[in-house]
Engineer: 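Dumping the structure here so I can ask a few things about it.
Each chain gets a letter, A, B and so on, in the order the sequences are listed, and its residues count up from 1.
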4 protein chains.
Amino acid sequence: MSLLHALSVSPGSGEPIYRQLMDQIRRLAAGGQLQPGSEMPSVRELAQALAVNPMTVSKVYSLLELEGVLLRRRGLGMQVADQGAATHGQDERLALLRGTLQRAALEAKQLELEPAAVLALLQQLLEEKP
Amino acid sequence: MSLLHALSVSPGSGEPIYRQLMDQIRRLAAGGQLQPGSEMPSVRELAQALAVNPMTVSKVYSLLELEGVLLRRRGLGMQVADQGAATHGQDERLALLRGTLQRAALEAKQLELEPAAVLALLQQLLEEKP
Amino acid sequence: MSLLHALSVSPGSGEPIYRQLMDQIRRLAAGGQLQPGSEMPSVRELAQALAVNPMTVSKVYSLLELEGVLLRRRGLGMQVADQGAATHGQDERLALLRGTLQRAALEAKQLELEPAAVLALLQQLLEEKP
Amino acid sequence: MSLLHALSVSPGSGEPIYRQLMDQIRRLAAGGQLQPGSEMPSVRELAQALAVNPMTVSKVYSLLELEGVLLRRRGLGMQVADQGAATHGQDERLALLRGTLQRAALEAKQLELEPAAVLALLQQLLEEKP
DNA sequence: GTGGTCTAGACCACT
DNA sequence: GTGGTCTAGACCACA
């Protein structure tokens with residue numbers, strides 16, 4: 001159940017819903033908050049909880065299965081794959097964040113901001129409770 | 001003229017060309033690299049320099065005019081609006097980056113990364129030459 | 001369906017088609033004739049009904065979304081936004097007309113017309129069937 | 001000189017500058033505030049006062065000459081034509097306002113406003129000092 | 001099915 | 001010269 005609350009989508013964002021969901025699940029798995037072998041909510045259940053079209057959730061599950069993050073077990077639903085989860089070391093997980101940070105760095109340079117100010121703001125945001 | 005070289009688009013990226021351009025111009029204006037009152041390249045000129053359809057550039061200019069970043073002077077061309085540019089102080093510019101950093105922080109938390117490691121990576125990226 | 005008949009454009013008028021459409025939709029929404037949450041005709045459908053290029057309709061929808069009058073539901077279509085429609089009271093709707101009336105008043109003064117004559121003409125025009 | 005202050009243009013408005021000017025001069029002439037035979041400011045003078053391109057003013061004068069509102073007297077500048085000015089009766093002047101009022105009436109209907117409220121607002125605007 | 005984006009090319013209005 | 005508008009037609013992404 002806690003998974004249902006950990007996941008959320010913003011339909012207003014420019015980012016496609018299916019991609020928002022994939023990214024979140026991928027990160028939760030890499031971060032260890034989704035244990036290998038644990039069961040994912042059913043397509044219908046997750047779709048309803050997020051007020052999203054079931055086909056969208058289904059697409060997410062299928063793509064994550066292709067990636068090896070999830071495992072489809074016939075008649076049982078999806079579960080988190082062994083290699084999909086927390087086996088990731090700190091470096092691997094950091095690599096998953098690199099793209100986002102690169103974008104932030106680019107924007108900061110274009111805004112001609114002091115690195116120190118940027119780092120201070122990020123630190124503050126990292127310390128906030130989720 | 002240097003503006004023509006400061007702007008660039010990657011047609012291959014998933015992000016629409018017009019949005020890439022808008023973001024760049026918006027940030028260049030906020031960062032003060034585009035002085036208020038200075039003239040923007042003509043639609044045709046910029047379109048040719050970027051190897052892009054003039055309508056795409058025109059769309060960018062129109063939307064930025066709606067936002068108040070650019071000013072249309074009929075029959076003469078576009079110029080950077082007074083309130084569109086470098087009046088922004090460091091704090092205001094930092095605020096423009098907040099959204100991106102918030103997203104990075106959220107992702108870092110989901111990946112259960114150490115704040116120190118995240119900050120170190122960002123610092124490294126900020127120091128790289130553009 | 002009735003919406004398709006409520007909307008119309010005159011391509012011959014000097015006013016751009018997309019602007020004619022925007023104005024009409026904006027006013028229909030403010031006047032309550034377009035209920036919040038109700039679905040707009042699809043781009044292709046409206047384009048065909050008006051004998052207009054789909055891109056023109058698409059532009060209208062995009063700009064009205066920026067204004068907050070319409071809401072984009074990805075893959076599903078556009079609907080009238082909650083705050084875009086009939087929550088407007090008589091006073092707010094009157095405010096939307098103020099600019100036009102101000103212009104009329106200015107012109108009347110420049111023509112040195114008697115207020116009574118102007119009001120009589122407007123009253124007559126208001127009573128005509130649309 | 002008072003003419004220079006009676007005329008004004010808003011470059012930000014959607015309406016073309018040359019049309020704004022033409023309409024204003026036409027109305028001032030019809031309303032009698034521009035007496036037949038009186039001299040118009042020179043192109044250069046008016047252009048400077050309005051911060052507008054001289055070619056634009058020149059276009060305005062030429063078009064109004066075609067309409068018979070102004071008269072070009074070689075070496076002397078433009079002056080208001082006899083038939084261009086206050087010979088207009090109240091009915092003719094009212095007719096010049098009809099288009100604007102028709103537009104206002106259309107908008108009022110689309111906004112579903114009470115005629116009485118619209119008339120009251122216009123009356124108030126007509127009574128304000130210019 | 002939906003809207004979004006881009007192209008190529010034409011024509012118009014304004015200064 | 002400038003930007004604005006529209007068309008026709010293509011392709012893509014999303015639900």
Engineer: Could you tell me which non-hydrogen atom of C:Q20 sits nearest to which non-hydrogen atom of C:V9, and how far apart they are?
Structural biologist: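 Shortest heavy-atom contact: OE1-CA, 3.4 Å.
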
Engineer: Both distances under 3.5 Å, Watson-Crick or G-U wobble: on that basis, could you give the dot-bracket string for DNA chain F, with [ ] for crossing pairs and | for other-strand partners?
Structural biologist: ||||||||||||||.

Engineer: Near A:E67 CD, under 6.0 Å, is it more than 12 heavy atoms from other residues, nucleotides or ligands?
Structural biologist: yes

Engineer: Please report the shortest heavy-atom distance between D:L101 and C:A104, naming the atom on each side.
Structural biologist: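 Looking at all heavy atoms of both residues, the closest pair is CD2-CB, 4.0 Å.
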
Engineer: Ignoring hydrogens and geometry, is there a side-chain-to-backbone donor-acceptor pair from B:Q79 to B:P36 under 3.5 Å?
Structural biologist: no

Engineer: When all nucleic acid strands are considered with a 4.0 Å heavy-atom cut-off, which category describes C:R73: base, sugar-phosphate, or nothing?
Structural biologist: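 No contact.
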
Engineer: For B:S10 and B:S13, indicate whether the former's side chain and the latter's backbone hold a donor-acceptor pair under 3.5 Å.
Structural biologist: no

Engineer: Which nucleotide of DNA chain E is the first, and which the last, in the 5' to 3' direction, to come under 4.0 Å of a heavy atom belonging to chain B?
Structural biologist: E:dT5 to E:dT15

Engineer: Please figure out whether C:Y18 or B:R74 has its closest DNA chain F nucleotide nearer the 5' end.
Structural biologist: B:R74

Engineer: Side-chain contact test, heavy atoms from C-beta onward, threshold under 4.5 Å: evaluate it for A:V69 versus A:V80 and give yes or no.
Structural biologist: no

Engineer: Please check if atom CD in A:E15 has more than 12 non-hydrogen atoms from other residues, nucleotides or ligands closer than 6.0 Å.
Structural biologist: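 Result for CD/A:E15: enclosed.
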
Engineer: Between B:P16 and D:P16, just flag the one whose closest nucleotide in DNA chain E comes earlier from the 5' side.
Structural biologist: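 Closer to the 5' end of DNA chain E: B:P16.
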
Engineer: Tell me, which of residues 56-63 of chain C have any heavy atom that sits under 4.0 Å from an atom in DNA chain E?
Structural biologist: C:S58, C:S62

Engineer: Between the side chains of A:E65 and A:R73, is the shortest nitrogen-to-carboxylate-oxygen separation below 4.0 Å, so that they form an ion pair?
Structural biologist: no

Engineer: CG/C:L71 to CG/C:L76 distance, rounded to the nearest 0.5 angstrom?
Structural biologist: 11.0 Å

Engineer: In Å and rounded to the nearest 0.5 Å, what is the CZ to CG distance from C:R72 to C:L64?
Structural biologist: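 CG of C:L64 is found 13.0 Å from CZ of C:R72.
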
Engineer: Between B:M55 and A:N53, which is nearer to the 5' end of DNA chain F once each is assigned its nearest nucleotide?
Structural biologist: B:M55

Engineer: Could you check how far CG of A:L21 sits from C1' of F:dA13, rounded to whole Å?
Structural biologist: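 Rounding to the nearest Å, CG of A:L21 and C1' of F:dA13 are 16 Å apart.
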
Engineer: Tell me which one of A:R26, A:Q24, A:R19 satisfies side chain to side chain contact (heavy atoms under 4.5 Å, CB included) with A:M22.
Structural biologist: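 When side chain to side chain contact (heavy atoms under 4.5 Å, CB included) is applied between A:M22 and each of A:R26, A:Q24, A:R19, only A:R26 qualifies.
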
